[in-house]
Amino acid sequence: MLDIKFLKDNIETVTERLATRGTVPDLSFIKSLDEKRRALLGSVESLKQKRNTVSQEVGRLKKEGKDASSIMTDMQGVSAEIKALDAELAECDGALKTFLLELPNLPHDSVPTGRSEVDNVEVRAWGKPKEFGFVPKEHTEIATALGILDFDAASKLSGARFSLLKGAGALLERSLINFMLTIHTTEHGYIEVLPPFMVKESACLGTGQLPKFGEDLFKIEGWDHYLIPTAEVPVTNIHAEEVLSVGNLPIKYTAFTPCFRKEAGSYGKDVKGLIRLHQFNKVELVKFADPAKSYDELESLVSNAEEILKRLKLPYRVVNLCTGDIGFSAAKTYDLEVWLPGQATYREISSCSNFEDFQARRANIRFKPEGGGKNRFVHTLNGSGLAVGRTLVAIVENYQNEDGTITVPEALRPYMNGLEKIQR
RNA sequence: GGAGAGGUGGCCGAGCGGUUGAAGGCAGCUGCCUGCUAAGCAGUUGUAGGGGUGACUCUACCGGGGGUUCGAAUCCCCCCCUCUCCGCCA
């Protein structure tokens, strides 16, 4: 959510900057709506002041045993008027809030301007795609043949876009989770969190999934709860409605959770394999930062996620998403894209963003600045560290051998009971 | 699921229809004092929003939302959460 004060004083700038994202909002009415609101507020507050003083007067008269019935009757009218104005004011506030909740974040100055993913800018690349002495296969083919992935069983149980891992496949997924969490907690200083996988509507409003993107969420029938689409939602909202002390910043959490997404509108995209599922595992990194330092924190968050790929020796590149491709709540996003030899392409495996105070304002997460003064909103950041299923895909494809086996990356072996090779 | 108790300021805790933004205590801050010394005394300390260049001032906030009333932290209704006991259960 953008700051209404900033917005109404900078309508043209805001419009221009939002336009670079591809949405051209009509902000013209904001100013008049805000003026209307302030006018209403002024009159209702002076009426309330009148009511307060007269009510005290009534109390005093009654105490003295005098008659107050005529002013009491007068005040009935005043109260009715207050009620009507309050209702009008609430309507005004509601309209403003609804509008603000559906307005995306402003892109940071360092975000390249562009319309779609083709305008994203590669920042750096690490590792060289391996040369295979044979034609590398896609993960589905390899893993299915090895009996560690069973899509037939998954679709019998749950339909399309679900997966079922077996044997060494399930072990690989579990080991990856453990591996990532261990590095982030013991080397990168994150506190591990295991949050609920269902959250209330307010949490989804806080991080920006609602009200606009409800069609992507699974809602529990007959209940005000949603399956989390990412750990970002429960973990960021841990500190909703709180005032943190600046000395504790940055607060860094890492969390493993499954993620549930409807993927509505993605029909035909990535239909094969483990790339796009209704349920997938992810290890998430979340930070609450001092606004002055949040962009440094974004860089270190990205490097924390990169470290996982480096340890696994998986080639990747870092991409600075352009204005047309960053998410609704983000001010700036780096994607990590891992090389997939079976598809001969880089695929997104992590997305790391600084949301600045966009989420903090929604979730009301503040901090007391150094030396006191008014409470301010923190900056929130998060990133995948990493998407576990896609990491498994990358390992299967990058570590495949001509004979159909998969070599286990060295860094992972301690987590897999020393297993060096996955074979039938 | 059944029965009960409760949700008040940074924390503890009073208030239960009328100067109560809220006693008292703790904690914090500021002075003063200083041979009763891990002390004493005095003052002060919330958030959000509106108006004013400003000193300042007004409004709202006692879990959330409605209602009754001239007036609600206090009464009524609905909801949420926490705790205790019972039942069920991994």
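Note on naming: letters A, B, ... go to the chains in the order of the sequence lines (proteins, then strands), and numbering restarts at 1 for each one.
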Centroid separation A/H379 to A/F355 less than 6.0 Å | no
Filtered N/O pairs between nucleotides 15-20 of chain B and protein, under 3.5 Å:
from	atom 1	to	atom 2	distance (Å)
B/rG18	N2	A/S55	O	2.7

Donor-acceptor pairs under 3.5 Å, side chain of residues 1-11 of chain A to any protein atom, not counting sequence neighbours: which ones?
from	atom 1	to	atom 2	distance (Å)
A/D3	OD1	A/K5	N	3.2
A/K8	NZ	A/D34	OD2	3.1
A/N10	ND2	A/F6	O	2.7

Could you give the distance separating B/rG65 and B/rU44 at their C1' atoms, to the nearest angstrom?
-> 36 Å
Contacts of type ring pair (Phe, Tyr, Trp, His ring centres under 6.0 Å), residue A/F218, not counting sequence neighbours = A/H278
Checking all strands, does A/K200 fall into the base, sugar-phosphate, or nothing category for heavy-atom contacts under 4.0 angstrom?
-> nothing
Can you tell me if A/E284 and A/Y190 form a side-chain donor-acceptor pair at under 3.5 Å?
-> no
hbond_proxy A/E45 side chain to B/rG51 base (donor-acceptor, 3.5 Å cutoff) | no
Could I get the full list of ring pair (Phe, Tyr, Trp, His ring centres under 6.0 Å) partners for A/F260, not counting sequence neighbours?
-> none
How is A/S79 classified with respect to the nucleic acid when contacts are heavy atoms under 4.0 Å: base, sugar-phosphate, or nothing?
-> sugar-phosphate
So what stems show up for RNA chain B if we need 3 or more Watson-Crick or G-U pairs in a row, all under 3.5 Å?
-> B:1-7 with B:80-86, B:10-12 with B:24-26, B:27-32 with B:40-45, B:46-51 with B:56-61, B:63-67 with B:75-79
d(A/S294 OG, A/H108 NE2) to nearest 0.5 Å is 7.5 Å
Pairs under 3.5 Å (N/O, protein and nucleotides 46-48 of chain B):
from	atom 1	to	atom 2	distance (Å)
B/rU47	O3'	A/R366	NH1	3.2
B/rA48	OP1	A/R366	NH1	3.3

